[in-house]
Q: 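This structure is in structure tokens; I'll ask about it shortly.
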Amino acid sequence: MPVPFSQVEALLALPRDFYERPTIEVARDLLGKTLIHRRRAGRIVEVEAYLSEQDRAAHAWSGRTRRTEVLYGPGGYCYVYLVYGMYHCLNVVAETAGSPGCVLVRALEPLCGIETKPPCNGPGRLTRALGIDLRQYGADLTAGPLTVRDALRPLTEIVQTGTRIGIRHATDWPLRFWLASPT
DNA sequence: CAATAGATCATCT
DNA sequence: GATGATCTATTGC
């Protein structure tokens with residue numbers, strides 16, 4: 001593995017304050033941060049922001065239901081759901097209680113514990129690579145086996161912005177952010 | 001290459 | 001009963 005686990009384990013988890021801000025800021029700031037599940041870790045390189053009831057593409061668009069319940073709680077918790085019957089998607093709840101913003105984590109750069117045979121870019125492959133499923137629904141990302149921690153190293157890439165992928169509504173909103181090497 | 005179909009199930013109507 | 005914030009395999013140029 002490129003990075004020993006002890007090195008990512010030493011990173012500090014992001015505090016609740018980090019998440020309880022506008023969703024778009026949280027999305028951009030998550031880039032470069034370290035996602036750890038048990039002994040597997042990756043560097044976040046692509047995310048998408050999903051806003052509240054105004055965002056037709058967001059699950060919260062149809063209001064508060066059993067599935068979206070965690071989105072209405074405080075920030076810093078994990079929102080996982082199953083798409084197309086076989087893939088899980090990992091989201092980070094943003095904003096304070098009552099405001100259902102969240103950030104979909106779309107791609108990781110493997111750091112340790114991850115078999116890179118199947119790449120871990122794409123929300124479905126990412127959760128499979130980390131071993132995440134519906135059991136982590138509602139998990140606290142500031143403590144426990146599933147955490148988001150500080151960046152391992154400063155950003156050397158630039159943040160690019162574009163439209164979200166794989167959705168049927170609000171397809172032209174520039175809410176997708178990813179890291180790219182400077183040209 | 002690009003386009004498309006199929007897998008498969010929790011959640012919502 | 002319909003619908004996906006997906007991915008893979010397969011078909012057709």
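These numbers were taken from a predicted model, which means no experiment stands behind them. Quick note on labels: first sequence line is chain A, next is B, and so on, each numbered from 1. Side-chain atoms are counted along with the backbone in the values below, which use heavy atoms only and exclude waters and symmetry mates.
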Q: Identify every side-chain donor-acceptor pair in residues 80-93 of chain A under 3.5 Å, counting partners at least two apart or on other chains, and give the distances.
A:
{"unit_1": "A:Asn91", "atom_1": "ND2", "unit_2": "A:Tyr79", "atom_2": "O", "d": "3.3"}

Q: State, to 0.1 Å, how close A:Leu126 and A:Ala107 come at their nearest heavy-atom pair, and which atoms those are.
A: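 Smallest heavy-atom distance, with atoms named: CD1-N, 3.6 Å.
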
Q: Tell me: CD of A:Glu48 to C1' of C:dT6, nearest whole Å?
A: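 After rounding, the gap between these two atoms is 12 Å.
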
Q: Within the 4.0 Å heavy-atom criterion, would you say A:Gly124 contacts the bases, only the backbone, or no part of the nucleic acid?
A: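 The residue A:Gly124 makes sugar-phosphate contact but no base contact.
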
Q: Under a cut-off of 3.5 Å for both distances of each Watson-Crick or G-U pair, what dot-bracket string does DNA chain C give, using [ ] for crossing pairs and | for inter-strand pairs?
A: ||||.|||||||.

Q: Rounding to a whole Å, what distance do you find between A:His88:NE2 and B:dT8:P?
A: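 So the NE2-P distance, A:His88 to B:dT8, works out to 14 Å.
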
Q: Just the rounded figure in Å: distance from C1' of C:dT6 to CG of A:Leu82.
A: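 Atom-to-atom, A:Leu82 to C:dT6, this comes out as 10 Å.
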
Q: Measure from the side-chain heavy atoms of A:Arg125 and tell me the nearest of C:dT8, C:dT6, B:dT13.
A: C:dT8

Q: A:Ala27: which residues meet the side chain to side chain contact (heavy atoms under 4.5 Å, CB included) condition with it, sequence neighbours left out?
A: A:Val47, A:Ala49, A:Val103, A:Phe177

Q: If the condition is side chain to side chain contact (heavy atoms under 4.5 Å, CB included), which residues does A:Arg16 pass it with, not counting sequence neighbours?
A: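 Listed in chain order: A:Glu20, A:Tyr77, A:Asp140, A:Thr142.
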
Q: Provide, to the nearest angstrom, the distance between the CZ atom belonging to A:Arg164 and the C1' atom belonging to C:dG4.
A: 15 Å

Q: Is there a donor-acceptor pair under 3.5 Å between the side chain of A:Arg28 and the backbone N or O of A:Glu25?
A: no

Q: For C:dA5, does OP1 or OP2 lie under 4.0 Å from any side-chain N or O of A:Arg67?
A: no

Q: Given C:dA5, B:dA7, C:dT6, which nucleotide is nearest the side-chain atoms of A:Tyr87?
A: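 My answer, after comparing the listed nucleotides, is C:dT6.
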
Q: Please find the pair of heavy atoms, one from A:Gly32 and one from A:Leu155, that lie closest to each other, and give the distance.
A: CA-CD2, 3.8 Å

Q: Rounded off to whole Å, could you give me the NE2-to-C1' distance for the A:His169 and C:dT3 pair?
A: 10 Å

Q: Starting at the 5' end of DNA chain C, which residue's closest nucleotide do you reach first, A:Arg168 or A:Pro123?
A: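 On the 5' side of the pair lies A:Arg168.
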
Q: Would you say A:Arg106 reaches C:dT6's phosphate, i.e. side-chain N/O to OP1/OP2 under 4.0 Å?
A: yes

Q: Using the side-chain heavy atoms of A:Asn91, tell me which of these nucleotides is nearest: C:dC7, C:dA5, B:dT13.
A: C:dA5

Q: Show the numbers, then the answer: is there a side-chain contact (heavy atoms from CB on, under 4.5 Å) between A:Leu179 and A:Glu109?
A: CA-CA 11 Å; A:Leu179 294 179; A:Glu109 179 184 299; over 6 Å; no

Q: Return the residues of residues 69-81 of chain A meeting this criterion: a heavy atom under 4.0 Å from some atom of DNA chain B. Order them by number, or give none.
A: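 Per residue number, the list is empty: none.
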
Q: Counting distance only, does the side-chain N/O of A:Arg176 pair as donor-acceptor with the main-chain N or O of A:Ile165 below 3.5 Å?
A: no

Q: How many Å lie between OH on A:Tyr50 and C1' on C:dG4, as a whole number?
A: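 One finds 12 Å between C1' of C:dG4 and OH of A:Tyr50, rounded.
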
Q: Which nucleotide, C:dG4, C:dA5, B:dT13, lies nearest any side-chain atom of A:His59?
A: C:dA5

Q: Between A:Met86 (CE) and B:dC9 (C1'), how many Å, whole number?
A: 9 Å

Q: Between atom CG in A:Leu134 and atom C1' in C:dG4, what is the gap in whole Å?
A: 14 Å

Q: So, does A:Arg56 use its side chain to make a donor-acceptor pair with the main chain of A:Trp61 at under 3.5 Å?
A: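 Not confirmed, A:Arg56 side chain does not pair with A:Trp61 backbone.
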
Q: When the side chains of residues 67-74 of chain A are checked against the rest of the protein, which donor-acceptor pairs come out under 3.5 Å, sequence neighbours left out?
A:
{"unit_1": "A:Thr68", "atom_1": "OG1", "unit_2": "A:Gly63", "atom_2": "O", "d": "3.2"}
{"unit_1": "A:Thr68", "atom_1": "OG1", "unit_2": "A:Thr65", "atom_2": "N", "d": "2.8"}
{"unit_1": "A:Thr68", "atom_1": "OG1", "unit_2": "A:Thr65", "atom_2": "O", "d": "3.4"}
{"unit_1": "A:Thr68", "atom_1": "OG1", "unit_2": "A:Thr65", "atom_2": "OG1", "d": "3.3"}
{"unit_1": "A:Glu69", "atom_1": "OE1", "unit_2": "A:Arg64", "atom_2": "NE", "d": "3.3"}
{"unit_1": "A:Glu69", "atom_1": "OE2", "unit_2": "A:Arg64", "atom_2": "NE", "d": "3.2"}
{"unit_1": "A:Glu69", "atom_1": "OE2", "unit_2": "A:Arg64", "atom_2": "NH2", "d": "2.7"}
{"unit_1": "A:Tyr72", "atom_1": "OH", "unit_2": "A:Glu53", "atom_2": "OE2", "d": "2.9"}

